[in-house]
Amino acid sequence: MSDYDPDAEVVGKYMLAFIESAGEVSPVFESKVRSTFEEYTGKVKPDKWYRAEDVKQTYEAILADVGPRTMKNGGVETANTLPFDEDKSVEGALALLCEEHTSSEVYRNTTSRRPAGQYTYEVDGQSARLGATEGYPYTKPFVEGIYSGLISRYGPPESRPAFDETTPRADEAFAWEVEW
């Protein structure tokens, strides 16, 4: 069974967080991101469900149109909306991220255990090897933003994660060595 199910449905709450985060860059970016989502998925509402392939195409179109910085910022803001307790460690938050990413509250209408791939991580103190599996569909800069947001949120005060690309493992699409 594949690590990506294009016909699975994903809930809109995290897409909406991504759209709203583009407004922090500028109102023009937010408008552009919102209109791209509407073109591929229709109007995004937090409790509405959207076909995973349409969402994937939206993220790819946004990356091509506005670039990796906006995608990364969207990932950071998405990390800030994750419903995790604030007393978690970075490693604890990463474990919850993996649970949330495959949750029936986020994906439905699929028989896949991992309908949108999975995050990968190994933490050692204030460093980690972070990545995503081949089946992860929503762009590399977005994933970097999610990781950066979680490290900033759950790491020591003033954590500034530094990402260094590394060779992905056989089941990964991309990976980094990260220190904070």
Side-chain angles (χ1 to χ4, degrees), residues 1-19 21 37 40-42 44-64 68 71-72 74-85 88-124 127-151 153-154 161 163 165-178:
M1 187 173 298
S2 173
D3 257 6
Y4 174 61
D5 180 354
D7 294 319
E9 293 180 320
V10 59
V11 73
K13 67 181 176 181
Y14 296 123
M15 292 181 290
L16 192 57
F18 178 82
I19 292 167
S21 76
F37 266 98
Y40 286 88
T41 67
V44 177
K45 296 181 181 180
D47 57 351
K48 189 174 173 189
W49 294 87
Y50 303 88
R51 188 171 168 264
E53 182 63 20
D54 297 338
V55 176
K56 175 185 176 186
Q57 289 177 1
T58 304
Y59 277 63
E60 290 170 350
I62 291 168
L63 177 60
M71 292 302 296
K72 184 176 176 182
V76 168
E77 289 308 311
T78 299
N80 289 332
T81 66
L82 292 167
F84 305 160
D85 293 335
K88 297 287 178 213
S89 65
V90 170
E91 188 169 14
L94 293 170
L96 288 173
L97 173 68
C98 289
E99 286 178 32
E100 181 78 1
H101 189 66
T102 57
S103 163
S104 63
E105 293 179 23
V106 177
Y107 287 93
R108 71 176 191 185
N109 292 336
T110 183
T111 57
S112 177
R113 198 173 50 82
R114 299 187 326 183
Q118 187 55 281
Y119 298 95
T120 60
Y121 68 94
E122 293 173 12
V123 177
D124 182 15
S127 65
R129 184 183 191 289
L130 305 173
T133 64
E134 285 288 342
Y136 189 92
Y138 305 128
T139 82
K140 183 177 174 181
F142 181 73
V143 175
E144 183 178 356
I146 291 218
Y147 283 139
S148 184
L150 287 177
I151 292 167
R153 184 173 166 189
Y154 294 102
F163 288 75
E165 283 192 57
T166 191
T167 304
R169 294 186 179 131
D171 68 333
E172 290 176 319
F174 47 84
W176 300 273
E177 295 290 339
V178 184

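We're numbering straight along the sequence, starting at 1. Atoms considered below: every heavy atom in the structure, side chains included; atoms not considered: hydrogens, waters and symmetry mates. Owing to the predicted nature of the structure, the values given are computational and were not obtained by experimental measurement.
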Going from [atom1] on [X] to [atom2] on [Y], what distance comes out if it is rounded to the nearest 0.5 angstrom?
X	Y	atom1	atom2	value
Glu105	Glu99	CD	CD	11.5 Å
Thr166	Glu177	OG1	CD	5.0 Å
Thr110	Arg108	OG1	CZ	12.0 Å
Thr58	Leu63	OG1	CG	12.5 Å
Glu134	Gln118	CD	CD	14.5 Å

In a check of salt bridge (Lys or Arg N to Asp or Glu O under 4.0 Å) between Arg129 and each of Glu122, Glu165, Glu172, which one passes?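 Result: among Glu122, Glu165, Glu172, Glu172 is the only option passing the salt bridge (Lys or Arg N to Asp or Glu O under 4.0 Å) with Arg129.
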Taking all heavy atoms of [X] and all of [Y], pick out the closest pair and write down the distance.
X	Y	answer
Pro46	Leu16	CD-CD2, 3.7 Å
Ala173	Pro168	O-CG, 3.9 Å
Phe174	Lys140	CZ-CA, 3.6 Å
Trp49	Ser104	CH2-O, 3.7 Å
Pro141	Met71	CB-CB, 3.8 Å
Tyr4	Ala116	CD1-CA, 4.3 Å

Salt bridge (Lys or Arg N to Asp or Glu O under 4.0 Å): pairs with one or both residues in residues 142-151, sequence neighbours excluded: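 Applying salt bridge (Lys or Arg N to Asp or Glu O under 4.0 Å) to every pair that reaches into residues 142-151, excluding sequence neighbours, yields Lys72-Glu144.
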Taking side-chain contact (heavy atoms from CB on, under 4.5 Å) as the test, write out the residues that go with Ala128, two or more places apart.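 Result, side-chain contact (heavy atoms from CB on, under 4.5 Å) vs Ala128: Val123, Leu130, Trp180.
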Regarding Ser112 and Asp5, is there a side-chain donor-to-acceptor distance under 3.5 Å anywhere?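 Short answer, no.
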Between the main-chain N or O of Gly145 and the side-chain N or O of Ser148, is there a donor-acceptor pair closer than 3.5 Å?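 Here the side-chain-to-backbone pair does not exist.
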Donor-acceptor contact below 3.5 Å, side chain Thr133 vs main chain Gly117: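 Judged by distance alone, no pair lies under 3.5 Å.
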Check whether any side-chain heavy atom of [X] lies under 4.5 Å from a side-chain heavy atom of [Y], and answer yes or no.
X	Y	value
Pro137	Tyr59	no
Ile146	Tyr119	yes
Tyr154	Glu91	no
Tyr147	Val143	yes
Val106	His101	no
Tyr136	Arg114	no
Tyr50	Phe37	no

Partners meeting salt bridge (Lys or Arg N to Asp or Glu O under 4.0 Å) with Glu53 (sequence neighbours left out):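 None.
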Tell me, with the steps shown, if Tyr138 and Lys56 meet side-chain contact (heavy atoms from CB on, under 4.5 Å). CA-CA 5 Å; Tyr138 305 128; Lys56 175 185 176 186; 4.3 Å; yes
Using the ring-ring contact (aromatic ring centres under 6.0 Å, His included) criterion, which residues pair with Tyr40? Sequence neighbours excluded.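 Not a single residue meets the ring-ring contact (aromatic ring centres under 6.0 Å, His included) criterion with Tyr40.
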Please tabulate, for the side chains in residues 77-85, all donor-acceptor contacts under 3.5 angstrom to protein atoms that are two or more places apart in sequence or on a different chain.
| residue | atom | partner | partner atom | Å |
| --- | --- | --- | --- | --- |
| Thr78 | OG1 | Gly74 | O | 2.7 |
| Asn80 | ND2 | Val76 | O | 3.4 |
| Thr81 | OG1 | Thr78 | O | 2.8 |

Residues in side chain to side chain donor-acceptor pair (under 3.5 Å) with Arg51, at least two apart?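 Listed in chain order: Asp7, Asp54.
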In sequence, state the C-alpha distance, the side-chain angles, and the governing distance for Phe18 and Ile62, and then conclude on side-chain contact (heavy atoms from CB on, under 4.5 Å). CA-CA 11 Å; Phe18 178 82; Ile62 291 168; 3.8 Å; yes
